[in-house]
Novice: 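This is the structure, below, for whatever I ask next.
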Amino acid sequence: LYSLLFAYACFLIGPHLGGRRVGLWALAFGSFPPTYLVWTCVTARGAYSETLALGTLASYFALRALDAQDEREEKRLLVFIGAILGLSFWTHMITVFWGAAILLLWLLERPSLVWRAVRFAALPFFITSFPLWLETARTHFATFIVAAPPAWSLAKKLDALFQYRLAIV
């Protein structure tokens with residue numbers, strides 16, 4: 001299901017960037033991933049297919065937000081982006097890279113959009129990723145240190161996060 005969503009999101013981005021023909025090529029390439037991607041990323045064990053599909057969909061809405069006709073449409077798109085990235089972050093923390101890419105796009109194309117995005121997308125992000133934050137608080141932030149050795153203080157946990165977890169990502 002997420003692979004279909006990814007292919008459809010590729011189709012949506014293509015015409016936005018280069019016309020219908022580009023959209024059809026994007027759909028074709030999104031439908032037939034290389035063997036390496038299927039083996040390492042599109043299996044249920046890694047939750048990467050969800051992140052790939054939701055991140056691509058959020059990217060489509062980010063491109064549309066650049067061309068929003070009025071403030072109401074822009075606000076609606078920013079809320080969608082926050083909600084989609086929050087749901088994706090709940091499935092896997094690698095979503096941070098999608099958010100960083102979207103923010104970089106906005107910084108380059110329309111810097112004023114970044115602050116409105118923070119204002120309108122933050123709440124939907126935290127609402128849709130709430131189960132992750134709830135479990136994280138319950139386990140004293142151990143969620144973010146999956147690959148790190150046991151650490152007890154917050155300072156040690158943050159240190160391990162930067163030394164172990166981010167290096168793996």
Side-chain angles (χ1 to χ4, degrees), residues 1-133 144 146 165-169:
L1 185 61
Y2 283 107
S3 296
L4 290 174
L5 178 61
F6 169 69
Y8 182 66
C10 288
F11 174 73
L12 292 175
I13 288 175
H16 190 78
L17 295 176
R20 182 168 172 76
R21 188 173 183 185
V22 172
L24 291 173
W25 276 108
L27 175 65
F29 286 126
S31 298
F32 304 107
T35 306
Y36 174 79
L37 183 65
V38 171
W39 179 254
T40 61
C41 299
V42 190
T43 57
R45 62 181 156 74
Y48 292 119
S49 61
E50 295 88 343
T51 307
L52 182 65
L54 295 170
T56 305
L57 189 61
S59 298
Y60 167 69
F61 287 128
L63 286 170
R64 282 195 47 201
L66 287 173
D67 301 328
Q69 300 300 321
D70 57 23
E71 192 174 313
R72 184 176 181 214
E73 180 186 5
E74 181 183 275
K75 182 180 176 180
R76 182 175 51 87
L77 290 167
L78 295 175
V79 167
F80 283 165
I81 293 165
I84 291 167
L85 287 178
L87 184 62
S88 183
F89 189 70
W90 180 25
T91 63
H92 203 289
M93 288 177 266
I94 204 165
T95 299
V96 168
F97 293 108
W98 287 99
I102 289 170
L103 286 175
L104 183 61
L105 169 72
W106 287 339
L107 279 171
L108 294 173
E109 295 292 325
R110 209 167 114 204
S112 63
L113 188 59
V114 173
W115 297 114
R116 283 195 296 280
V118 170
R119 195 168 102 202
F120 294 119
L123 183 62
F125 175 87
F126 285 108
I127 289 172
T128 55
S129 63
F130 182 73
L132 173 74
W133 297 110
F144 293 111
V146 176
R165 187 64 182 153
L166 289 181
I168 292 171
V169 172

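Numbers for residues simply follow the sequence, beginning at 1.
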Novice: By side chain to side chain contact (heavy atoms under 4.5 Å, CB included), which residues pair with Ser59, not counting sequence neighbours?
Specialist: Ile13, Trp98, Ile102
Novice: Using modelled atom types and a 3.5 Å cut-off, is there a donor and acceptor pairing between side-chain atoms of Ser88 and backbone atoms of Leu54?
Specialist: no
Novice: Take a 6.0 Å sphere around CH2 of Trp90 and say whether it holds more than 12 heavy atoms from other residues, nucleotides or ligands.
Specialist: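 12 or below, so no.
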Novice: Can you tell me how far apart CG (Leu12) and CG (Leu17) are? Round to the nearest 0.5 Å.
Specialist: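 Going from CG on Leu12 over to CG on Leu17, the span is 11.0 Å.
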Novice: Grab the two heavy atoms, one from Gly23 and one from Phe11, that are nearest each other, plus how far apart they are.
Specialist: O-CD1, 3.4 Å
Novice: I need the minimum non-hydrogen distance between Ala65 and Leu78, along with the two atoms involved.
Specialist: CB-CD2, 4.4 Å
Novice: If you compare all heavy atoms of Glu109 against all heavy atoms of Pro111, which two are closest, and at what distance to 0.1 Å?
Specialist: C-CD, 4.0 Å
Novice: Among residues two or more places apart or on two chains, list those pairs meeting salt bridge (Lys or Arg N to Asp or Glu O under 4.0 Å) that have a residue in residues 8-26.
Specialist: none
Novice: How would you list, by chain and number, every residue that makes a side chain to side chain contact (heavy atoms under 4.5 Å, CB included) with Ala83, sequence neighbours excluded?
Specialist: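 Expected list: Pro124, Thr128.
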Novice: Checking Glu73 now: which residues fulfil salt bridge (charged side-chain N to carboxylate O under 4.0 Å, His left out) with it, not counting sequence neighbours?
Specialist: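 Checked Glu73 against salt bridge (charged side-chain N to carboxylate O under 4.0 Å, His left out); matches are Arg64.
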Novice: CG/Leu85 to CD1/Ile81 distance, rounded to the nearest 0.5 angstrom?
Specialist: 7.5 Å
Novice: At what distance, to the nearest 0.5 angstrom, does CG of Leu57 lie from CD1 of Ile84?
Specialist: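 CD1 of Ile84 is found 4.0 Å from CG of Leu57.
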Novice: Could you note down all residue pairs passing ring-ring contact (aromatic ring centres under 6.0 Å, His included) where residues 66-89 supplies at least one of them, sequence neighbours left out?
Specialist: Phe61-Phe80, Phe89-Phe125, Phe89-Trp133
Novice: Which residues pass the side chain to side chain donor-acceptor pair (under 3.5 Å) test with Arg110, sequence neighbours left out?
Specialist: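 Arg110: side chain to side chain donor-acceptor pair (under 3.5 Å) contacts with Glu74.
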Novice: So do the side chains of Leu105 and Leu63 get within less than 4.5 Å of each other, counting heavy atoms only?
Specialist: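 They are in contact (side-chain heavy atoms under 4.5 Å apart), so the answer is yes.
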Novice: Roughly how far, to the nearest 0.5 Å, is CH2 of Trp106 from CG of Leu113?
Specialist: 5.0 Å
